[in-house]
There are 2 protein chains.
Amino acid sequence: MSARLSTAYTLTVGEVAAESGVAPSAVRFYEQHGVIRAERTSGDQRRFSADAACRIRVAKVAQRVGLTVREIAEVFAALPGNPAPEDWGRVAETLIREAEQRTAALRAYLSEMRSGERLCDL
Amino acid sequence: MSARLSTAYTLTVGEVAAESGVAPSAVRFYEQHGVIRAERTSGDQRRFSADAACRIRVAKVAQRVGLTVREIAEVFAALPGNPAPEDWGRVAETLIREAEQRTAALRAYLSEMRSGERLCDL
DNA sequence: TCTTGACTTCAACATATGTTGAAGGCCGAG
DNA sequence: CTCGGCCTTCAACATATGTTGAAGTCAAGA
């Protein structure tokens, strides 16, 4: 029976930082802003599940196409507790669609500028 | 003979702001950071040429695809004093290429994540 | 159990991207 | 020539995205 076990929250801040290639302070920052989620130990330390590092890596690439941390957190909010590949697939599509829309807006503005002669040139 | 006259710097901060849809403070900010250029009157007031508003509009759209003001200024640095449509064409291509590269990086990372099973899911 | 490295919070600092307000100067219409 | 509106600079504030350091706590191995 491979019923999906509920997610294990075992990784420390330092481990997620090392895995994702960012500073521990950034890991805390992303948690504060909803990009990743944590449980707490009885001693109040954060423990992350396995997908935390991955979320952070995706977030860093998404920031490069102009998404804010808030926007990324909103997209990730669609992910259930223990995301299946299909869940990630939907997130991936959302992110790519957004990136393409923004590129399309840039392209449209530039092309409008060129067709409407003398919008930018003297 | 229509030899191109050298650019006329006649527009005030307020005029450029109104034309480009940003606040006067933003116009000054963009000038400080090299997105637009100005001459000064004998009384030290800024005077912009006709392409200033257009540069700002392009800059705003480019910011949406993740380019920083510095990066945008660098791209615009390729524009000569009185840019011809071809000059804008090259700038447009540079901006779009950059946006597409960033989207491609996002796409590549997401697809790598899905093919390398269990990178993100438990 | 004890130690020590990693964790906690909080505040300050840093950079990017602007906005706002004060104090004063420029300029064009009358 | 004067006056009102727009311009100037500068400093402070604001938000986003983090980093750093201090002071103190937790947890895992010897």
Side-chain angles (χ1 to χ4, degrees), chain A residues 8-49 52-53 55-77 95 98 102 106, chain B residues 8-49 52-53 55-76 95 98 102:
Chain A
Y9 285 81
T10 58
L11 304 171
T12 66
V13 162
E15 286 163 350
V16 170
E19 249 186 84
S20 61
V22 305
S25 62
V27 173
R28 296 192 186 95
F29 178 85
Y30 290 131
E31 192 228 6
Q32 279 166 13
H33 291 78
V35 171
I36 54 181
R37 290 160 156 281
E39 290 185 344
R40 296 292 181 129
T41 66
S42 59
D44 210 32
Q45 295 194 356
R46 292 170 184 83
R47 290 297 183 265
F48 299 92
S49 57
R55 283 175 178 234
I56 289 175
R57 285 183 188 278
V58 171
K60 294 310 280 183
V61 183
Q63 280 181 288
R64 288 279 292 173
V65 297
L67 280 83
T68 65
V69 165
R70 179 179 300 276
E71 287 166 339
I72 293 162
E74 278 163 15
V75 172
F76 283 177
L95 293 175
E98 186 61 36
R102 292 179 185 205
L106 175 64
Chain B
Y9 284 81
T10 57
L11 305 171
T12 66
V13 162
E15 286 163 350
V16 171
E19 248 186 85
S20 61
V22 304
S25 62
V27 173
R28 296 190 187 95
F29 178 85
Y30 290 132
E31 192 227 5
Q32 279 165 12
H33 291 78
V35 171
I36 55 181
R37 291 160 156 280
E39 291 184 343
R40 296 292 182 129
T41 66
S42 58
D44 210 32
Q45 295 195 356
R46 291 170 184 83
R47 290 297 182 266
F48 299 92
S49 57
R55 283 176 178 234
I56 290 175
R57 285 184 187 279
V58 171
K60 294 310 281 182
V61 184
Q63 281 181 286
R64 288 279 292 172
V65 297
L67 281 83
T68 65
V69 165
R70 180 181 299 276
E71 286 166 340
I72 293 163
E74 278 164 15
V75 172
F76 283 178
L95 294 175
E98 186 61 36
R102 292 179 185 206

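In the text below, chain A, chain B and the rest are named by the order of the sequence lines, each starting its count at 1. This structure is a prediction, so every number in the text was calculated from the model and none was measured.
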Euclidean distance, Gln63(A) CD relative to Thr68(A) OG1, rounded to 0.5 Å: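 Rounded to the nearest 0.5 Å, the OG1-CD separation comes to 8.5 Å.
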
Salt bridge or not for Arg47(B) and Glu31(B), using N-O below 4.0 Å?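 Judged by the 4.0 Å cut-off on N to carboxylate O distance, Arg47(B) and Glu31(B) do not form a salt bridge.
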
task: May I ask you to say whether Glu98(A) pairs ionically with Arg102(A), meaning some side-chain N is under 4.0 Å from a carboxylate O?
output: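 Salt bridge present between Glu98(A) and Arg102(A).
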
Closer than 4.0 Å, any side-chain N/O of [X] to the OP1 or OP2 of [N]?
{"X": "Gln32(B)", "N": "dT17(C)", "value": "no"}
{"X": "Arg64(B)", "N": "dT17(C)", "value": "no"}
{"X": "Arg46(B)", "N": "dC26(C)", "value": "no"}
{"X": "Tyr30(A)", "N": "dT17(D)", "value": "no"}
{"X": "Lys60(B)", "N": "dT17(C)", "value": "no"}
{"X": "Arg40(A)", "N": "dT9(C)", "value": "yes"}
{"X": "Thr68(B)", "N": "dA16(C)", "value": "no"}
{"X": "Thr41(A)", "N": "dA27(D)", "value": "yes"}
{"X": "Gln63(B)", "N": "dA16(C)", "value": "no"}

Provide, to the nearest angstrom, the distance between the [atom1] atom belonging to [X] and the [atom2] atom belonging to [N].
{"X": "Ile56(A)", "N": "dT17(D)", "atom1": "CD1", "atom2": "P", "answer": "14 Å"}
{"X": "Ile72(A)", "N": "dA16(D)", "atom1": "CD1", "atom2": "P", "answer": "14 Å"}
{"X": "Arg28(A)", "N": "dA6(C)", "atom1": "CZ", "atom2": "P", "answer": "12 Å"}
{"X": "Arg47(B)", "N": "dT8(D)", "atom1": "CZ", "atom2": "C1'", "answer": "11 Å"}
{"X": "Glu15(B)", "N": "dC27(C)", "atom1": "CD", "atom2": "P", "answer": "14 Å"}

Nearest-neighbour nucleotide for the [X] side chain, [options] considered:
{"X": "Val69(A)", "options": "dT17(D), dC26(D), dC6(D)", "result": "dT17(D)"}
{"X": "Phe29(B)", "options": "dC7(C), dT17(C), dC27(C)", "result": "dT17(C)"}
{"X": "Ser25(B)", "options": "dT19(C), dG18(D), dC7(D)", "result": "dT19(C)"}
{"X": "Gln45(A)", "options": "dT8(C), dA28(D), dT19(D)", "result": "dT8(C)"}

Task: side-chain contact (heavy atoms from CB on, under 4.5 Å) evaluation trace for Ile72(B) with Tyr30(B) - done: CA-CA 10 Å; Ile72(B) 293 163; Tyr30(B) 290 132; over 6 Å; no

Return the 5'-most residue of the pair Ala23(B), Asp44(A) with respect to DNA chain C, ranking by each residue's nearest nucleotide.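 Between the two, 5'-proximity favours Asp44(A).
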
Where each residue is assigned the nucleotide of DNA chain D containing its nearest heavy atom, which of His33(A) and Thr12(B) is assigned the position nearer the 5′ end?
->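 Nearer the 5' end of the strand: Thr12(B).
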
Item to check | Arg55(A) side chain vs Val35(A) backbone, donor-acceptor pair below 3.5 Å | outcome: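 Yes; at least one donor-acceptor contact below 3.5 Å.
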
